[in-house]
Amino acid sequence: MPDVQFTNLFAVVLVALLAPLLLGLAPRLRIPAVVLEIVAGIVLGPHGLGLVDIDLPVQIVSLLGLGFLLFLAGLEIDVHRLRGPVLRLALLGYLITLVLGGLAGAGFAAAGWVHSPYLLAVTLSATSLGLVVPVLKDAGQVDGEVGQSTIAAASIADFAAVLVLSLLFSAEGGSAGERLVMVALFALLVATAGLVVSTAARSRRIGATLVRLQDTTAEIRVRAAVVLLVAFVALAEQFGLETILGAFLAGAVVGLVDRDSSSHPQFRVKLAALGYGFLIPVFFVTSGLRLDLGGLLADPAALLRVPLFLLALLVARGVPAYLSVRALGPHSTAAVALLQATSLPFIVTATQIGVTTGLMSPVTAAALTCAGLVSVLVFPAIALTLLKQPADSRPV
């Protein structure tokens with residue numbers, strides 16, 4: 001047996017258990033569990049009470065959690081709905097986001113708060129699709145025009161943000177031109193793999209075998225999805241790209257191939273159980289363990305970065321929503337703007353890469369993460385209130 005201990009991992013998974021349990025016991029606290037997980041990590045970690053450390057088992061499970069988080073984010077994307085005017089508006093909106101984020105980055109760089117305005121622009125450009133969809137479901141808006149506009153914009157933002165981050169700011173090294181060639185080759189291999197998987201899925205013999213084994217101890221569909229995830233992550237690493245790109249594309253390929261789930265209705269439930277039941281909470285708690293708020297709390301000027309980053313996030317992601325104001329109306333558009341500005345998982349990922357590459361200071365990373373926490377706490381709640389109001393009773 002390797003000389004490792006599981007005490008720290010036990011503490012992390014205990015936090016992962018208690019966070020949603022406590023929220024379930026206090027339903028009036030409409031706080032996403034992810035926020036409580038990160039905050040608990042901050043309090044218990046090396047920069048807080050010092051009760052939990054990030055040792056090898058915690059690092060490995062956390063890395064798997066990040067991969068599964070991006071995999072499930074890719075799985076949420078419905079490629080077949082990204083077409084026509086919805087796709088054009090989503091693409092235009094993301095370009096506007098990059099421009100607004102770049103302007104904000106230039107201002108913060110001039111103040112000496114960030115080393116790379118472009119990295120800040122990319123960090124501000126994503127939307128937490130996994131946090132937005134439940135809000136739309138609660139409001140009964142998933143299949144309506146508001147829901148489809150929001151999901152399309154979030155899907156494009158998530159995919160583009162992961163791609164741009166891998167191209168321009170990968171911790172694996174190499175020039176942007178080299179990485180562009182690697183991305184093209186990687187995309188070719190991904191497309192080939194998707195074609196092979198799609199062809200195999202249409203085989204009657206293979207299909208019958210999958211149905212026979214899917215709900216046994218073989219859990220063959222789950223195993224196949226995990227193989228694809230690990231394969232794409234390993235392939236991305238070999239091409240010198242960020243592993244998050246491989247994980248995201250693996251989820252997108254599974255979602256594209258697995259359109260008809262009538263023969264296996266529990267497949268995605270099982271994937272979500274594996275991810276959200278174990279791996280992903282470990283990633284979020286560990287992110288809190290890594291977060292050093294000392295620099296923020298010790299310097300009021302540094303603490304000021306949090307509301308300013310939050311405002312930058314709201315402007316960069318919220319303003320593009322107003323491209324659809326004529327179709328959606330002012331109050332629905334305001335709700336969409338708030339949902340598009342809800343971001344946390346990608347901010348956590350991008351800031352960790354920024355600190356690793358030396359393009360972002362730990363204080364800036366902590367401030368951005370705190371801004372993301374506030375966005376998750378505040379924006380969806382306001383958006384849900386707006387969306388649940390009857391159209392004729394919304395204030396003019």
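- Here the side chains of Pro46 and Asp53 are in contact, with some heavy-atom distance below 4.5 Å.
- Shown here for Ala312 and Leu124, the closest heavy-atom pair between the two residues is CB-CD1, 3.9 Å.
- Ser332 places no side-chain N or O within donor-acceptor distance of the main-chain N or O of Gly329, the cut-off being under 3.5 Å.
- Evaluated for a side chain to side chain contact (heavy atoms under 4.5 Å, CB included) with Leu163, the options Val122, Ile244, Asp158, Val183 yield exactly one hit, Val183.
- Nearest heavy atoms, Phe309 versus Leu368: CG-CD2, 3.7 Å.
- Heavy-atom minimum distance, Arg223 versus Ala218: NE-O, 2.5 Å.
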Exercise for the section: Start with the C-alpha distance between Arg205 and Thr209, add both sets of side-chain angles, then the distance that settles side chain to side chain donor-acceptor pair (under 3.5 Å), and finish with yes or no. Expected result: CA-CA 6 Å; Arg205 184 175 180 182; Thr209 303; 5.6 Å; no

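- The hydrophobic clustering, which links ILVMFWY residues whose side-chain heavy atoms are closer than 4.5 Å, places Val13 and Leu17 apart.
- A donor-acceptor pair is defined here as one N or O able to donate and one able to accept, closer than 3.5 Å; no such pair exists between the side chain of Ser62 and the backbone of Gln59.
- For the 3.5 Å distance criterion, the side chains of Arg317 and Ser343 fail to qualify, holding no donor opposite an acceptor.
- Under the 4.5 Å side-chain contact rule for hydrophobic residues, Leu63 and Ile347 do not share a cluster.
- With contacts defined as side-chain heavy-atom distances shorter than 4.5 Å, the pair Val162/Phe346 qualifies.
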Exercise for the section: Run the numbers on Arg221 and Asp215 for salt bridge (Lys or Arg N to Asp or Glu O under 4.0 Å), then give the verdict. Expected result: CA-CA 9 Å; Arg221 292 185 187 274; Asp215 293 320; over 6 Å; no

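- With contacts defined as side-chain heavy-atom distances shorter than 4.5 Å, the pair Leu274/Phe68 qualifies.
- The side-chain heavy atoms of Ile38 and Val285, taken from C-beta on, include no pair separated by under 4.5 Å.
- Between the side chain of Thr127 and the backbone N or O of Gln340 there is at least one donor-acceptor pair closer than 3.5 Å.
- Side chains of Asn8 and Asp55: a donor-acceptor N/O pair is present below 3.5 angstrom, by distance only.
- Placement of Leu36 and Val376 within a single hydrophobic cluster is found when ILVMFWY residues are connected by side-chain heavy-atom separations under 4.5 Å, directly or transitively.
- Ser128 places a side-chain N or O within donor-acceptor distance of the main-chain N or O of Leu344, the cut-off being under 3.5 Å.
- Between Thr286 and Arg290, the side chains place no donor N or O within less than 3.5 Å of an acceptor N or O (distance only, hydrogens not considered).
- Side-chain contact between Pro380 and Leu338 is absent, with no heavy atoms from C-beta onward closer than 4.5 Å.
- A pairwise comparison of heavy atoms in Leu386 and His331 identifies CD1-O, 4.0 Å as the closest pair.
- Scanning both residues, Ala109 and Pro117, for their nearest heavy atoms gives CB-CD, 4.2 Å.
- Contact detail for Phe239 and Phe186: the closest heavy-atom pair is CE2-N, 4.1 Å.
- Side-chain contact between Phe108 and Leu120 is present, with at least one heavy-atom pair separated by less than 4.5 Å.
- At least one donor-acceptor pair closer than 3.5 Å links the side chain of Thr357 to the backbone N or O of Gly354.
- The backbone N or O of Phe283 sits less than 3.5 Å from a side-chain atom of Ser287, completing a donor-acceptor pair.
- At distances below 3.5 Å, at least one donor-acceptor pair connects side-chain atoms of Thr385 with backbone N or O atoms of Ala381.
- Linking ILVMFWY residues whenever their side-chain heavy atoms come closer than 4.5 Å, directly or via other members, leaves Val325 and Leu314 in distinct clusters.
- Distance alone, capped at 3.5 Å, places no donor-acceptor pair between the Ser125 side chain and the Thr97 backbone.
- Not one N or O on the side chain of Thr364 forms a donor-acceptor pair closer than 3.5 Å with the backbone of Met360.
- Here the side chains of Phe232 and Leu245 are not in contact, with every heavy-atom distance at 4.5 Å or above.
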